[in-house]
Amino acid sequence: MDKKSQIPEYDFKEIEPKWQKYWEDEKLHQPDMDKAKKPFYNLMMFPYPSAEGLHIGGVSTFTGVDTFGRLKKMQGYDVFEPIGLDGFGIHSENYAMKIGEHIKDVSARTEKNFYRQLASIGNMYDWSKTVETYKPEYYKWTQWLFLQMYKKGLAYQKKAKVNWCPSCKTVLSDEQVIQGKCERCDSEVQKKELKQWFFKITEYAEKLLKNLDWIDWPEDVKTNQRNWIGKSTGAIIEFPISNFQFPNKFKIQNSKFKIRVFTTRPDTLFGATYMVVAPEHWLISNFQFPISNSNEVHEYVKKALAKSEQERKAEEGVKTGVEIKGLKAVNPATGEEIPVWVADYVLTDYGTGAIMAVPGHDERDWEFAQKYGLEIRKVVCPLDKDARYKKQGTNKSQITNHKDGFYNNECFSGEGVAVSSGFLDGLETFEAKEKMIEWLEENGHGERSTDYKLRDWCISRQRYWGPPIPVVWCKNCAKPKALLIHGFEADGESNWFLSLKKQLEEQGFEVFNPSMPKSEHPELENWLEALQPYLDKLNENSIIVGHSLGSKAALHLLGKTHKKVSKLFLVASAIGNPKRNWDNVREKMPGADVESLQKFWQAEIDWESVNQSVDSSYIILSKDDPVIDPEHYKVAKLKDKKIEIWEGFKHFSKKRVPELEKYILENSEDLPKKTKNEKAPVPVSEKDLPVELPDMEDFLPEGKGKGPLAKNEEFVKTKCPVCGAEAQRETDVSDPFVDSSWYFFRYPSTEFTDKPFDGERTHKWLPVDSYIGGKEHTVLHLLYSRFITMVLNDLGHIDFDEPYKRFFGHGLITKDGAKMSKSKGNVVNPDEMIEKHGADTTRLYLRFLGDFEQGGDWRDSGVEGMSRFVKKLWHTFFEISGEGQGVKKDYMIDRTIKLIGEDIERLSFNTAVARYMEFVNWVRDNKDNFNREQALKVKKTLALTLAPMAPHLAEEFWSSLGGQKSIFTEKWPEYNPVNIQSDEIELVIQVNGKVRDKFQADAEISEEEAKKKALESEKIQKYLAGKEPKKVIYVKEKLVNIVI
RNA sequence: GCCCGGGUGGUGGAAUUGGUAGACACGAGGGACUUAAAAUCCCUUGGGAUUAAAUCCUGUGCGGGUUCGAUUCCCGCCCCGGGCACCA
């Protein structure tokens, strides 16, 4: 009988669904989340599927990740490979608007289609744990995340100029603006000022940067992130303003009257010949300086601020500016007065919004100085390589005197040696920087400083399709509050507190004047605990008044919170030490617990945190205070403080101190006025989550800066979770990047409805073992999810601070060398491919067409070729007879196992397929020669090594060999390294590095013998022509190279 | 302008630490089978010289360098792709 006729035809349409169903029925790919012994979290980046369906590039990624995961499974790991989708966002919403359907319907269809397509490619997903961002059971926890951020002071609102797309009618992130145009619709982006919610990612800039040093990621991805964070180190330098008459009513030196600049080159301070401030700088906008050309300046500023992004771009390199006349700044190094300019090449949101211009050594300043005829000073002498070389051991003056080092009419922004720079002369740039910073700090002109390019993350979106930000706006809670904190041996009704309370209430404040526990034995911890509930009630328009030790308590309170208040009044403040020493206090107050007082009084304060929590502070002291030394206000490191030193008030201990009460009232009366129509943000409480996105027929944006939710009265109207008053819901939804910044925490814990993720599960499965995704997300998504992980770690929810152990960025799939796009009509449809060639063939071709990391090029002829190969493989497999005499050399089996395993491990899929093809070719050549034993081994190898790449086919082969269970319950085969080594090797003979001859030799051949044999070769003799070789080089198992 | 990738046959792409460049495919050409075509199988295939076989020259974007030997390392440049862009 004809042998061929017994072989079944390769029918993938029967095979593939059969095995997919089997895997699902057997729950083969659902690891036991709690008992797994070797957990391996194999994750791909959260897909954002388009309504049009899966792209072949997506299939490439998903099946690539799966191939890796299947190898891991065969290596004995409990592989968890989840799938879900990121469905919220503008992209889907715009599409729904375009086709005139409701976003909910479109999303439901997209989801169904997406999962159908994914199921057809045969990946080992755990379908019992899917996650969709737009389901309330998911976004409930996205909102929870927001609340955590809010609690930590990492979510805040600020008015910001944002990119506004007039067509999408929403705010865009900087990253979504491509050359001044909207990434999605290409319309020109405008600037609009809106109040937006931000996440304070800048607070984690340093940590985000530092961890890059140890995480196992590709270097290029790390470099991208480093550049994005953009750290630069240098100094803040203060330039006092001179030639300026302070208005009389300001008696106290105010730090605002210095222009602060940030520079990375403090060593060039001696070359700073003018200053430039940004158009938004306070010097112009906040204060009425007597600018003599005020009109001119303001006109320039107005024009500059009105410029669109587009115009700024177009003008780049063409610098304009106006001198601010009537005032000068003083260069602290030279003591000289220098002019101050305003120009829009200085950016307001980097550094301090002002620069010292060093035209000799900064290209931009150079250009500006050339244009406006400003003085240019050379203070760094270039040091060429020879000079640097010479410098070692020679004396420095030789180089510094070498002024010809300057190129006459050029700006030099490199590093070199400081000249004409006083005490820096002769120092190389790196030394000069250090010395200058030391000098600045010693003389109070500045300090070491670091700046980052990273900006806070704007998460507000004025759209419908996203999770509502869980905040309520309450008018009642916006009412200014006052917290009065009494001192030692007093209570909430002591001294002038009651009188002040009454007046503050009349003015519109809600006043709290609690009594502290045991004021005669004050303990800081107890006081802070007692104060906490009141602090929670305060808002940004609140004041805190602390008397004596109470003012110390106020500082501690603010030093330990992220909460913001407006004003802080410190009366007879217990900072510094008491006027007399502690023994005197003890003597004077024999009955008091001075020990606890002293401990409280002297505790360290976190001034930086206080300064972040309070806008302005007032210190009121009396010269004749018996306890408080009026000089000790100097100890207070408050950034914006007013100091009042009065006389005749002693320790401000009377029942009424009208002057003091008046002072406090006058200085806080602006708050009730200001907040008359304001609303305060109040976070929704966790138990009320989720804030559900309401069903809305009309979900189109209004286009006035508010989202569509603002149109839904029922949604907006609510009760304040704190005071119960009538309130309004926030109508912004959050950025989809928030959804995708934490989804990997949810996958292992999807069945928990009472928490975002379970502690033990998370501990077991995270961090993610292998994360694979597109390189286009190396900056934003990866940075955001790292940030969120760090915050969750700091909040104690998790015990690690990096989410992904390993990241791998894959490349893009092109079609015939061109990017696939709908408009070009060259998009490869995976459904068609699977229909025509089957999932396995499609998978194999995707593995083969190029390097996974670089990307690859899809060619229809290529997939045809792969289809032929698969058929050939099918027939070869069934044609192996096992009735031959046995083949002598069967090292191909071991070699194949070794190479394919290694290749898949390092995601070098294309070579893995090539190795497999070589194996198949070898099997085909020998198919009639294998003996029974060899035939079985060959067939097993064919099935097992194919399994990660073409799982259905491998299962079919395996079951034909009598396998009762899935091939994926089998171990990845072992190989014997000894079998791979051949006894005979081929040695190459080179003459001067060129191949001239080859010979077979024993693998164990000695160096001497190899050289001897090489020299004996006839062909080599010809080259030698009787002469002796100069040198003979032997490389073990490779070659002999003869030099003549 | 700056920072990352990359440049290898007609094409996609191999070459793990410097050691036989072009694995594995696609395409093309030739042949077998066939009335013919498809499918399948076999052979050839970087370029060039010359030939009967052999052999030689040349060759990894360009120009230099290091080395016995360079696709690989160093210096200078060109081109393509991606990102950033007045970041002090």
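Source: prediction; values computed, not measured. Throughout, a chain's letter reflects where its sequence line sits, starting with A, and its residues are numbered from 1.
Under a 4.0 Å N-O distance rule, the pair A:R915/A:E902 does not qualify as a salt bridge. In this structure, A:K815 pairs ionically with A:D860, as a charged nitrogen and a carboxylate oxygen lie closer than 4.0 Å. Under the 4.0 Å criterion applied to side-chain N and carboxylate O atoms, A:K836 and A:E864 are assigned as salt-bridge partners.
Residues forming a side-chain hydrogen bond (donor to acceptor under 3.5 Å, both in side chains) with A:Y204 (at least two apart in sequence, or on another chain): A:K152, A:D794. When the side-chain hydrogen bond (donor to acceptor under 3.5 Å, both in side chains) test is applied to A:K872, no partner is found at least two apart in sequence or on another chain.
The aromatic rings of A:H781 and A:H777 stand perpendicular to each other, their planes meeting at an angle above 60°, with 30° marking the opposite boundary. Note on ring orientation: taking the six-membered ring where Trp is involved, the planes of A:W457 and A:Y784 are parallel (angle under 30°, cut-offs 30° and 60°).
Comparing B:rU58 with B:rC62, their P atoms sit 15 Å apart, to the nearest whole Å. B:rG10 and B:rG29: their C1' atoms are spaced 12 Å apart (whole Å). Atom P of B:rC86 sits at a distance of 24 Å from the matching atom of B:rC79, rounded to the whole Å. Distance noted for atom P between B:rC57 and B:rG69: 16 Å (whole Å). Taking atom C1' on both nucleotides, B:rU16 is separated from B:rU72 by 12 Å, rounded to a whole Å. B:rC2 and B:rU71 have their C1' atoms separated by 28 Å, with the value rounded to a whole Å. Using C1' as the reference atom, B:rA53 and B:rG59 are 25 Å apart when rounded to the nearest Å. When the C1' atom is compared between B:rA39 and B:rC33, the two are found 11 Å apart, to the nearest whole Å.
Counting any heavy atom pair closer than 4.0 Å across all strands shown, A:L849 reaches sugar-phosphate atoms only and no base atom. Across all strands, A:S232 comes closer than 4.0 Å only to sugar-phosphate atoms, never to a base (heavy-atom distances). Within the 4.0 angstrom heavy-atom criterion, only backbone atoms of the sugar-phosphate kind lie near A:D851; the bases stay farther away. As judged by a 4.0 angstrom heavy-atom cut-off over every strand, A:R226 is placed among residues making no nucleic acid contact. A:R924 comes within 4.0 angstrom of sugar-phosphate atoms only, judged by non-hydrogen atoms across all strands, and of no base. Counting any heavy atom pair closer than 4.0 Å across all strands shown, A:V261 reaches no nucleic acid atom.
Rounded to whole Å, the distance from CD1 on A:I900 to P on B:rU16 is 18 Å. Atom-to-atom, CD1 of A:I1020 to C1' of B:rC68 comes out at 14 Å; the value is rounded to the nearest Å. In this structure, the NZ atom of A:K1030 is 13 Å from the P atom of B:rU67, given to the nearest Å. Atoms CH2 (A:W874) and C1' (B:rU40) sit 18 Å apart, rounded to a whole Å. Atom CG in A:L783 sits about 14 Å away from atom P in B:rC84, given to the nearest Å. In this entry the distance linking CZ of A:R859 with C1' of B:rG10 reads 11 Å, nearest Å. Rounded to a whole Å, the CZ atom of A:F368 is 16 Å from the P atom of B:rC86. B:rG59 atom P lies 8 Å from atom NZ of A:K994, rounded to whole Å.
You'll find a donor-acceptor pair under 3.5 Å spanning the side chain of A:K319 and the base of B:rC86, going by distance alone.
For B:rA38, the OP1/OP2 oxygens have no side-chain nitrogen or oxygen of A:R868 closer than 4.0 Å. Between A:R996 and B:rU55, a side-chain N or O to OP1/OP2 separation shorter than 4.0 Å is absent.
Between the side chains of A:D857 and A:T814, at least one donor N or O lies within less than 3.5 Å of an accepting N or O. Between the side chains of A:D365 and A:Y345, at least one donor N or O sits under 3.5 Å from an acceptor N or O.
Between A:F909 and A:F848, the distance from one ring center to the other does not fall under 6.0 angstrom.
Annotated as syn: B:rG9, whose glycosidic dihedral is within 90° of 0.
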Protein-nucleotides 17-25 of chain B N/O pairs under 3.5 Å:
residue	atom	partner	partner atom	Å
B:rG19	N2	A:Q990	OE1	3.3
B:rG19	N2	A:N1041	ND2	3.3
B:rU20	O2	A:K998	NZ	3.1
B:rU20	N3	A:E986	OE1	3.3
B:rU20	O4	A:E986	OE1	3.2
B:rA23	O2'	A:E918	OE2	2.8
B:rA23	N3	A:R915	NH2	3.3
B:rA25	OP1	A:N921	ND2	2.6

Nucleotides 6-9 of chain B: which of its N/O atoms have a protein N/O under 3.5 Å away?
none

Cut-off 3.5 Å, no hydrogens considered: what does the side-chain donor-acceptor table look like for residues 1030-1044 of chain A, sequence neighbours left out?
residue	atom	partner	partner atom	Å
A:N1041	OD1	A:N992	N	3.4
A:N1041	OD1	A:G993	N	3.0

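At distances below 3.5 Å, at least one donor-acceptor pair connects side-chain atoms of A:T842 with backbone N or O atoms of A:G838. Of the possible polar contacts, one joining the A:R786 side chain to the A:L208 backbone as a donor-acceptor pair under 3.5 Å is found.
Of the two residues near RNA chain B, A:N224 and A:D362, the one whose nearest nucleotide lies more 5' is A:N224. When each of A:V346 and A:V221 is assigned the nucleotide of RNA chain B with its nearest heavy atom, A:V221 is the one assigned upstream, toward the 5' end.
Side chain of A:R906, nearest nucleotide from B:rG82, B:rU16, B:rA88: B:rU16.
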Exercise for the section: Any chance you could encode RNA chain B as dot-bracket? Rule is Watson-Crick or G-U wobble with both distances under 3.5 Å; [ ] for pairs crossing earlier ones, | for another strand. Expected result: (((((((..(((......[....)))((((((.......))))))((((.....))))..(((((..]....))))))))))))....
Problem - A:T320 and A:Y300: CA distance, side-chain angles, deciding distance, side chain to side chain contact (heavy atoms under 4.5 Å, CB included) verdict - result: CA-CA 9 Å; A:T320 56; A:Y300 175 80; 2.9 Å; yes
